[in-house]
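Single-structure report; data block below.
Atom set for the values below is all heavy atoms of this structure, side chains included, hydrogens, waters and symmetry mates excluded. For reference, positions follow the sequence shown, starting with 1.
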Amino acid sequence: MPTPKTAQKLDTRFLRFLQEELLISAAAIKMALRYCNNDVHLLPVTLWRYGLVSLEQLDLMFEWLATA
């Protein structure tokens, strides 16, 4: 089980991936984080649910999380 510090580092890297690789706006991420109570692991589905990402982007997020 990851330590809080390790989990925070993963969260930061994932958020950077969303913005830099998938080009998801900071505003979209911030809004989705509010809806998923700041749980980064719920973020992909939340972004998709509100139409902020495509299915292709959703798949890329899951792939990234699985290999991180």
Side-chain angles (χ1 to χ4, degrees):
M1 181 169 196
T3 64
K5 192 170 190 171
T6 304
Q8 184 177 17
K9 186 176 180 181
L10 175 68
D11 294 352
T12 301
R13 287 179 34 228
F14 182 59
L15 293 174
R16 189 176 312 124
F17 167 75
L18 295 179
Q19 287 188 289
E20 294 176 4
E21 300 296 324
L22 298 184
L23 304 176
I24 300 169
S25 73
I29 293 169
K30 184 177 179 180
M31 186 277 304
L33 281 169
R34 267 184 291 165
Y35 284 103
C36 65
N37 295 319
N38 290 316
D39 186 343
V40 172
H41 292 93
L42 296 176
L43 193 54
V45 173
T46 305
L47 286 164
W48 178 75
R49 179 178 176 204
Y50 289 98
L52 300 169
V53 297
S54 66
L55 280 176
E56 181 181 340
Q57 289 171 306
L58 183 64
D59 285 339
L60 292 170
M61 286 184 251
F62 286 139
E63 285 178 28
W64 191 97
L65 287 169
T67 59

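- Within 6.0 Å of CH2 in Trp48 there are 12 or fewer heavy atoms belonging to other residues, nucleotides or ligands.
- The distance from atom CD of Gln57 to atom CG of Leu52, rounded to the nearest 0.5 Å, is 9.5 Å.
- Taking a 6.0 Å sphere around CZ of Arg13, one finds it holds more than 12 heavy atoms contributed by other residues, nucleotides or ligands.
- Val53 and Leu60 end up in the same hydrophobic cluster when Ile, Leu, Val, Met, Phe, Trp and Tyr side chains are linked at under 4.5 Å.
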Report all side-chain donor-acceptor pairs from residues 17-35 shorter than 3.5 Å, counting only partners two or more places apart or in another chain.
unit_1, atom_1, unit_2, atom_2, d
Ser25, OG, Ala28, N, 3.0

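- A heavy-atom distance below 4.5 Å is found between the side chains of Pro44 and Phe14.
- Distance alone, capped at 3.5 Å, is enough to place a donor-acceptor pair between the Asp39 side chain and the His41 backbone.
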